[in-house]
2 protein chains.
Amino acid sequence: MPPLTNGQGALSPRAIPEAAVARLAVYLRVLSGMKEQGITTVSSEELSVAAGVNSAKLRKDLSYIGTYGTRGVGYEVEVLIDQIERVLGLTREQSVAVVGIGNLGHALANYGGFPGRGFPVTALFDVDPDLMGVPVGGIPVNHIDDIASVCAAKEITIGVIATPPAAAQVVCDRLVQAGVECILNFAPVVLQVPETVEVRKVDLAVELQILSFHQARRADSAPSGETAPQPRSNGRVNGSPRHSVENRPNGAVVRR
Amino acid sequence: MPPLTNGQGALSPRAIPEAAVARLAVYLRVLSGMKEQGITTVSSEELSVAAGVNSAKLRKDLSYIGTYGTRGVGYEVEVLIDQIERVLGLTREQSVAVVGIGNLGHALANYGGFPGRGFPVTALFDVDPDLMGVPVGGIPVNHIDDIASVCAAKEITIGVIATPPAAAQVVCDRLVQAGVECILNFAPVVLQVPETVEVRKVDLAVELQILSFHQARRADSAPSGETAPQPRSNGRVNGSPRHSVENRPNGAVVRR
DNA sequence: GCGACTTTGTGCCTGCGTTCACAAGCGGCT
DNA sequence: AGCCGCTTGTGAACGCAGGCACAAAGTCGC
C-alpha cells in the first residue's frame, strides 16, 4: 500500500473505517465493565469473545488508534479505555438536545447518564404548549421556536429527532440552522441535510422488517410445524469444544 | 463464481444480501408514501432520490426480488409494494412482545401500528409486580415468569428486549426457551444466543459515540472557533440546480 | 542470561457490496 | 410500421472489510 494519501490533508489521525468506529464503542463498554470488576489486563482473545467479534478483527481495530498492547501479555484495560475515549472524542462532553417529547422523547430524556457517561441531555424541545416549562427528567421543555438561542446557550452539539415523521425534516432544518452538526434521527424519514452535517438513523420499523425477513426465510426452508412451540431440545450438542463462540453479522454471539 | 451453492439447500429464494434487505424496507416506506399521494408509477431515478440511495444500487436491490419493472417506463408502485412485502414476510403478521416496561418499553408499547402496519405489539412483560395487569397502550403487562405460556398463546415471533443491561441476557434466554427466534435488543449488551436465533441490536450509546467521533474529527481538522454559534449564513447557495441530492453512507441525503 | 512460550501487530488473500456503463427491451411518435 | 428515446436489468471492475497466518516482540521460568 502506498503511503496512504487519504485526501484529508496530511496529518489526519489515521482514517478509521466507520465499521471499526462502531465496534470501538462496543469495546469501550466491555472494557468499562471489566474495569469495574477490577480486571487490569486483557488479551485480544478475551476481549474479542466478550465483544462478540473475531480476535484478529479486534486487534486490527485497536491498531487503528495506536499501539498500546504488550506482546505476550495483552492490553491494559485503563489505557485502552482512555485511548478509545480519546479517539471517539469523549474527552470533551457533548451536550444533547432531544426534540419531540412523546413517549420516545421521554425515554431519551430519562436516559440520563449513558453507560460510560459523556452524553448529558441538556435541552428538550416540543411544539405542544402544554409541555412548556414542565420538566422531564429534570430538564425543562422549551418551545421549538427557541431552538436557536437555547442550543447556542447550552452549546448543543448533538440533536436527537424523536418527532412524528411529518415534522422530522422541519425539525432537522431548524437544528442545522441552530448550528447542530450531528443528528440522531428516530423518525422513519430520509432526512436531507447539508453535507457538513452527520446523520445517523435508528429505524425501528426497518429493524423489525429485517427480522421478519429472516423469520420468513426460516419458515420457507423448513415448512413443517410453524409456530409449534417445541419444548426446545436446544441441543447444546457440543461437537468441538474449541472456541465456544462464533461471530455473527450483527455482533451477537452464538452460544454452542 | 460457480453456480452459487449457497449451502442453504437448492430452492432457496435467491440469497438477498443483508444490506439490501435493510434498504428494501426503506423503499417500502417511501413507496407507501407515494401510493398515498396517488402516484402509480415511479422510475428508479425518482425512487432512489426519495430513498437517498444511488439509482443503480436501487435497481440491483430490486432485481434481487424479481423483475417487475417496465423498460422505458419504470415500476408500478403497487406491484413493488406487494413484492417487497412478500419478500420481507409481511404478508403474515408477526406478533411482537416487549420485555421491560420502563420508559423505552412504554414508548414501544405505544408505537402500535407501524407505518405500513404488520407488527402488532401483543404482549408485554416485566418483573415489577406493581405493573402487572395495568394495561400499557391497551395491552396488559404480564410477569416475566409467564413468558413461555403467553408467548405460545399469542404466537409471538419477535421479542424486544428493553430491560436494563443486567437483565438482558436472562430475558434473552427465556425468550429463546419460549421459542422466539427473532430478537431486537435495546440493551447495551452483547447477547449470546443459539445459532438458530436472529438478533439485531439498537444501541443508543454507540450511535451517539459514532456521532461524537465525527464531531471530534471535524473539530480537529478545523481548529478555529469551536462551538462558536455563528449565525450561520447557511447559504442554500444553489449553484447547480441539477440533481439536488447526493448519497450519504448512512442513507441520509445531502441537500445542496 | 537464555530459551521457550505467549500474544500482538500486520501483510496478504478472499469475498462482499457498490458503482459504472451498456445492451436489451418497451412505449410513443411520426 | 418503423424509428427514437427512455429506463431497466446486469456483467464487469473496483474498493473496502474480514479473516488467516505468521513474524516480531516481550515475559516468565530456569
Side-chain angles (χ1 to χ4, degrees), chain A residues 1-8 14-24 26-27 40-49 51-77 79-80 83 210 242-243 245-251 253-254, chain B residues 1-7 14-24 26-27 40-49 51-77 79-80 83 243 246-251:
Chain A
M1 191 188 289
L4 179 59
T5 55
N6 65 356
Q8 188 70 279
R14 186 73 64 130
I16 306 175
E18 183 86 4
V21 174
R23 285 189 299 266
L24 283 172
V26 175
Y27 305 154
T40 58
T41 298
V42 67
S43 73
S44 65
E45 183 64 30
E46 294 167 321
L47 184 52
S48 70
V49 169
V53 301
N54 180 298
S55 72
K57 195 193 294 184
L58 179 131
R59 288 198 298 275
K60 186 158 285 188
D61 288 343
L62 291 182
S63 78
Y64 290 126
I65 67 173
T67 299
Y68 301 106
T70 305
R71 297 173 188 231
V73 179
Y75 302 89
E76 221 173 310
V77 173
V79 172
L80 233 40
Q83 293 305 323
I210 293 171
R242 311 204 52 227
H243 291 160
V245 148
E246 176 184 299
N247 319 65
R248 229 36 190 320
N250 189 37
V253 160
V254 176
Chain B
M1 193 188 290
L4 179 59
T5 54
N6 67 354
R14 188 73 64 125
I16 305 176
E18 183 85 6
V21 174
R23 285 190 298 266
L24 283 171
V26 175
Y27 305 155
T40 58
T41 300
V42 67
S43 72
S44 64
E45 182 63 30
E46 294 166 321
L47 184 51
S48 70
V49 169
V53 302
N54 179 298
S55 72
K57 194 193 293 186
L58 179 131
R59 288 197 299 275
K60 182 149 284 188
D61 287 344
L62 292 182
S63 77
Y64 290 125
I65 68 173
T67 301
Y68 302 105
T70 305
R71 296 171 189 234
V73 179
Y75 302 89
E76 221 172 309
V77 173
V79 173
L80 234 40
Q83 293 304 324
H243 291 161
E246 176 183 301
N247 317 63
R248 228 38 187 322
N250 189 35

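Quick note on labels: first sequence line is chain A, next is B, and so on, each numbered from 1. If you're wondering where the values come from, they're calculated on a predicted model, not measured in any experiment. Just so it is clear, the values below take in all heavy atoms, side chains as well, and ignore hydrogens, waters and symmetry mates.
- Summarising the geometry, the separation between CG on B:L58 and P on D:dG9 is reported as 10 Å, rounded to the nearest angstrom.
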List the steps, then state whether side chain to side chain contact (heavy atoms under 4.5 Å, CB included) holds for A:S63 with A:R59.
CA-CA 6 Å; A:S63 78; A:R59 288 198 298 275; over 6 Å; no
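- The shortest distance between the side-chain N/O atoms of A:S43 and the OP1/OP2 oxygens of C:dT7 is not below 4.0 Å.
- Distance from the side chain of A:Y75 is smallest to C:dT8 among D:dG18, C:dT19, C:dT8.
- Here the CD-CG distance, from B:E45 to B:N54, works out to 8.5 Å after rounding to the nearest 0.5 Å.
- Partners of A:Y27 under the side-chain hydrogen bond (donor to acceptor under 3.5 Å, both in side chains) rule, at least two apart in sequence or in another chain, are A:D61.
- Using a 4.5 Å heavy-atom cutoff, the side chains of A:E76 and A:T70 are not in contact.
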Item to complete: Could you give me the CA-CA distance, side-chain angles and deciding distance for A:V26 and A:V53, then say whether side chain to side chain contact (heavy atoms under 4.5 Å, CB included) is met?
Response: CA-CA 10 Å; A:V26 175; A:V53 301; over 6 Å; no
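- Atom NZ of B:K57 is separated from atom C1' of D:dT10 by 17 Å (rounded to the nearest Å).
- If you take CD of A:E45 and P of C:dG9, they are 15 Å apart, rounded to a whole angstrom.
- Whole-Å rounding puts the A:E76 CD to D:dG26 C1' distance at 15 Å.
- The CG atom of A:L47 sits 15 Å away from the C1' atom of C:dG9 (whole-angstrom rounding).
- Put simply, CG on A:D61 is 14 Å from C1' on C:dT8, counting in whole angstrom units.
- Residue B:L80 is tested with B:T41, B:L47, B:L24 for a side-chain contact (heavy atoms from CB on, under 4.5 Å); the sole match is B:L47.
- Between the P atom of C:dG9 and the OH atom of A:Y68 lies a distance of 11 Å, rounded to the nearest Å.
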Restricting to nitrogen or oxygen on both sides, can you table the protein-nucleotides 12-17 of chain D pairs closer than 3.5 Å?
{"from": "D:dA12", "atom 1": "N6", "to": "B:K60", "atom 2": "NZ", "distance (Å)": "3.1"}

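- Using a 4.5 Å heavy-atom cutoff, the side chains of B:E46 and B:Y75 are not in contact.
- If you measure from atom CG of A:N54 to atom P of C:dT10, you get 16 Å, rounded to the nearest angstrom.
- Considering all non-hydrogen atoms of both residues, A:S55 and A:S44 come closest at CB-O, 4.0 Å.
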Counting primed atoms, P, OP1 and OP2 as sugar-phosphate and everything else as base, the B/S/- map of nucleotides 24-30 of chain C against protein heavy atoms under 4.0 Å is BBBS---
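- Nearer to the 5' terminus of DNA chain D, by closest-nucleotide assignment, is the contact made by B:R59 (compared with the other of A:A56 and B:R59).
- Between atom CD1 of residue A:I16 and atom CZ of residue A:R23 there is a gap of 11.5 Å, rounded to the nearest 0.5 Å.
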